[in-house]
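Below, chains carry the letters A, B, ... as their sequence lines are ordered, and counting in each starts from 1.
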Amino acid sequence: MKIKLYDHLNKQFGYDMFRIGQEEVITSVLEGKHTLAVLPTGTGKSLCYQLPGYLLKGIVIIVSPLLSLMQDQVEQLKINGEKRVTALNSFLESKERKQIIHSLQNYRFIYTSPEMLTNNEILQKLKQMEISLFVVDEAHCISQWGPDFRPDYLNLSMIRSELKNPTTLALTATATEDVRADIIKHLNLDNVNQLIYSVDRPNIALVVEETTNYNDKVNKLLQFVKQLQKPGIIYFSSKRLTEEMAALLRNNGIAQTAAYHGGMDREQRILIQQQFLHNQLQVICATSAFGMGVNKENIRFVIHFHMPYQLDSYLQEIGRAGRDGKKSIAVLLYSPGDEFLPLQIFENELPSDDQIEQFFLLNKNSNEESLLNLTEIQLRFLTYYQKKYERSEVAKRVKRIRDFRIQYKQKKLNEMVKWVKSTTCRREGILRYFQEQKVTNVKDCCDVCGVHIENYQTYIPENVKGQNENWQLLLKNLLIRGDEK
DNA sequence: CGCAATTATGGTATCATAATTGCGGTGCTATACT
């Protein structure tokens, strides 16, 4: 068996050796065990189902959160000479789609979304196929997005049982015990083989930098970006700020800078990501929309202008640095009150008591929904639970689910803030959160243990101080220009 | 929450200030219609 594995590794993928965890995951899957694998970023998770795909009889279904990820993976497999691969999603024209659905048995790998699988026509068709492996890529999305943002993620257990409980592999780079329990629950798996590897990335120094106010933060950001080795990513919680700050950086001599967020055209987003991957851009100012599936080895820094609402996301985002194993740095800029932005966002995203009550009083066939001024997310949240609980007291139950969800996010945010404000080793703090112990003694560990910042800087020939003085002027000009619009 | 933008107010000009409102993140799919 072992020899066969290495044979295939070499023949299909051209590698001589497995990376950490890969062999264990593949063996587990081939033995028909449901497997939950937490493998650190950059260890080649896709191989964990692609190789078994060649050894098993039947179709491999891969549930992926993003269309762009599916397209990338399909392309990658095609480059490797695999023709029996497709992405079943809304990119397909209806003709194409019909054709593919009609000939599903001809494929070995089918990438798709939870939303597509919820479509009854597609599910019925898949039921007739022999499915050798059901893969959920980026499985933390079940827990992170399922309960509100993308409820179809919660349908996966129903889908799995419709497909007669195929061997399932859930893959992610970060998952605490709670999140793992959530994944297992929503996939309805029993006897799960959990293969958990350390989430620690010793080559990434962890720095939290306190700032006194907004201007001070902008100032510090500018200093860091000027001095740190590039390429790098800066995360913001606002689309508007990604664009404003990208302009500010460009005006300050960091020419190869661009913004990236979910409000941009799809084409524009792809262009920017490609330019970054090919070193035509040095700095990306982004919202959390940027990152999943960005396989760039040499990212040297990740700065957070705003912190995310949970350490899970923080680790995902900083984990994009230093995949080549070389020294990299994560800097989180904090100013007092920063935690109120995420708090506000998730306290308002779900429907209010009034909205819930009124929604369930509506006549389902009328179009009165529009009168409630619901956002798309609120409407989907309500519709999902309307279908799920078709009986009395729905409103009460939905309110309880909403409250529970808000409380959960508040708890997550509190843990994040506690970490930011703590005065003990940052690495230890993160690892404790992931139920791990710090084992290695890391040089340049964190701001608490001490970091030699010069290890992460580029040599700057000009007088930096002189340049720093006119940023305020530039910012002022920028803001004035903004006012005139 | 905290800040910016918009609207309301007062008293009766064409404005200064107060009060209110809005904004702030992640993506799938389906369908109608220029």
Side-chain angles (χ1 to χ4, degrees), chain A residues 63-71 87-94 97-98 111-123 137-138 140-156 159 213-215 217-218 235-245 259-266 269-270 285-294 304-310 312-314 316-317 335-350 367 373 375-381 383-384 405 409-410 412-413 416-417 479-480 482-485:
Chain A
V63 180
S64 169
L66 302 181
L67 299 175
S68 61
L69 278 183
M70 299 181 207
Q71 305 300 115
L88 188 51
N89 59 34
S90 61
F91 275 2
L92 300 172
E93 292 186 16
S94 71
R97 183 176 141 165
K98 268 180 199 153
Y111 286 85
T112 192
S113 64
E115 288 81 3
M116 268 290 165
L117 289 176
T118 301
N119 178 312
N120 201 39
E121 183 200 349
I122 289 169
L123 188 59
D137 198 12
E138 308 285 357
H140 59 278
C141 291
I142 294 175
S143 170
Q144 207 168 313
W145 282 353
D148 38 45
F149 186 48
R150 287 175 69 180
D152 286 334
Y153 258 106
L154 305 186
N155 293 336
L156 290 177
I159 289 162
N213 56 42
Y214 183 80
N215 275 353
K217 202 194 239 187
V218 175
Y235 279 106
F236 299 85
S237 298
S238 138
K239 299 179 205 170
R240 182 178 54 86
L241 268 186
T242 62
E243 296 187 7
E244 280 181 22
M245 287 299 153
Y260 183 105
H261 57 76
M264 290 163 40
D265 293 348
R266 198 172 269 168
R269 286 173 66 168
I270 292 169
C285 296
T287 60
S288 58
F290 187 76
M292 246 196 262
V294 173
H304 280 81
F305 190 85
H306 297 125
M307 64 183 167
Y309 83 88
Q310 53 174 358
D312 310 54
S313 310
Y314 185 66
Q316 286 265 349
E317 287 165 4
S335 45
D338 275 0
E339 54 271 38
F340 293 112
L341 177 57
L343 193 67
Q344 249 352 82
I345 288 177
F346 58 66
E347 279 187 351
N348 292 329
E349 74 176 334
L350 295 178
N367 271 335
N373 270 328
T375 62
E376 197 191 338
I377 291 169
Q378 291 170 335
L379 182 60
R380 206 180 24 229
F381 179 81
T383 315
Y384 179 81
R405 185 66 184 158
K409 287 191 174 180
Q410 280 171 345
K412 289 281 189 184
L413 177 62
M416 176 83 222
V417 175
L479 293 176
I480 289 166
D483 285 346
E484 282 168 358
K485 273 177 204 167

Report summary line: For A:S90 and A:L67, the nearest pair of non-hydrogen atoms, with its separation, is OG-CD1, 4.0 Å
Report summary line: Winner on side-chain proximity to A:K409, out of B:dT26, B:dA30, B:dG25, is B:dG25
**Report entry** Side chains of A:M264 and A:R269 in contact at under 4.5 Å (non-hydrogen atoms)
**Finding:** yes
Query raised in the report: In whole angstroms, how far is the C1' atom of B:dC28 from the OH atom of A:Y384?
Result: 15 Å
Query raised in the report: At under 4.0 Å between heavy atoms, what does A:I377 touch on the DNA or RNA strands: base, sugar-phosphate, or nothing?
Result: base
Requested in this report: Just call it for A:N89: base, sugar-phosphate, or nothing, with non-hydrogen atoms closer than 4.0 Å on any strand.
Outcome: sugar-phosphate
Query raised in the report: Does the side chain of A:S113 get closer than 4.0 angstrom to OP1 or OP2 of B:dT29 through an N or O atom?
Result: yes
Query raised in the report: Would you say B:dG27 has OP1 or OP2 under 4.0 Å from some side-chain N or O of A:R269?
Result: yes
Report task. Would you indicate which nucleotide in B:dC1, B:dT26, B:dT29 comes nearest to any side-chain atom of A:Q344? Result -> B:dC1
Report task. When you get a sec, tell me which of B:dA30, B:dT26, B:dC1 is the closest nucleotide to the side chain of A:T287? Result -> B:dT26
Requested in this report: Give one of base, sugar-phosphate or nothing for A:G337, where a contact means two heavy atoms less than 4.0 Å apart.
Outcome: nothing
Requested in this report: Return the value, rounded to whole Å, for the distance between atom CG of A:L88 and atom P of B:dT29.
Outcome: 9 Å
**Report entry** Under 3.5 Å on both distances, the Watson-Crick or G-U partner of B:dT21
**Finding:** B:dA4
Requested in this report: Please determine if a side-chain N or O atom of A:S90 lies less than 4.0 Å away from the OP1 or OP2 oxygen of B:dT29.
Outcome: yes
Requested in this report: Compare side-chain N and O positions of A:N348 against OP1 and OP2 of B:dG25 and report whether any pair is under 4.0 Å apart.
Outcome: no
Query raised in the report: Can you check the A:Y153 OH to B:dC28 C1' distance for me, whole Å?
Result: 10 Å
Report task. Could you check whether A:E376 gets within reach of a base, just the sugar-phosphate, or nothing at all, counting any heavy atom under 4.0 Å? Result -> base
Requested in this report: From the options A:H304, A:H306, A:M307, select the one residue that forms a side chain to side chain contact (heavy atoms under 4.5 Å, CB included) with A:S237.
Outcome: A:H306
Query raised in the report: Using a cut-off of 4.0 Å on non-hydrogen atoms, how would the nucleic acid contact of A:E349 be classed: base, sugar-phosphate, or nothing?
Result: base
Query raised in the report: Which part of the nucleic acid, if any, lies within contact of A:L343, taking any heavy atom under 4.0 Å across all strands shown: a base, the sugar-phosphate backbone alone, or nothing?
Result: nothing
Report task. Classify the side chain of A:E115 versus the base of B:dG27 as yes if they form a donor-acceptor pair under 3.5 Å and no if they do not. Result -> no
Query raised in the report: So, A:R405 side chain and A:P147 main chain: donor-acceptor pair closer than 3.5 Å or not?
Result: no
**Report entry** Nearest-Å distance for atom pair CD/P, residues A:Q310 and B:dT26
**Finding:** 15 Å
Report task. May I ask you to say what A:R380 touches in the nucleic acid, namely base, sugar-phosphate or nothing, with a heavy-atom cut-off under 4.0 Å? Result -> base
Report task. Round to the nearest Å and state the distance from A:F149 atom CZ to B:dG25 atom P. Result -> 12 Å
Query raised in the report: Within the structure shown, what part of the strands sits under 4.0 Å from A:L66 by heavy-atom distance: base, sugar-phosphate, or nothing?
Result: sugar-phosphate
Query raised in the report: Which whole-number value in Å describes the distance from A:L67 CG to B:dA30 P?
Result: 11 Å
Query raised in the report: Using atom P of each nucleotide, how far apart are B:dA16 and B:dT12 to the nearest Å?
Result: 15 Å
Requested in this report: Just call it for A:P342: base, sugar-phosphate, or nothing, with non-hydrogen atoms closer than 4.0 Å on any strand.
Outcome: nothing
Query - Row check, A:Y309 ring normal vs A:K409 NZ/CZ: under 6.0 Å, within 45° - result: yes
Query - Separation of B:dG25 P from A:F305 CZ (nearest whole Å) - result: 14 Å
Query raised in the report: Are the side chain of A:N348 and the backbone of A:I345 linked by a donor-acceptor contact shorter than 3.5 Å?
Result: no
**Report entry** Rounded distance in Å between the C1' positions of B:dG10 and B:dT14
**Finding:** 13 Å
Query raised in the report: Partner of B:dT31 by Watson-Crick or G-U wobble geometry, both contacts under 3.5 Å, or none?
Result: none
Query raised in the report: Are the side chain of A:Q378 and the backbone N or O of A:T375 linked by a donor-acceptor pair below 3.5 Å?
Result: yes
Report task. Look at the side-chain N and O atoms of A:R150 and state whether any lies under 4.0 Å from the OP1 or OP2 oxygen of B:dG25. Result -> no
**Report entry** Length of the line joining A:L123:CG and B:dT29:P, which is rounded to integer Å
**Finding:** 15 Å
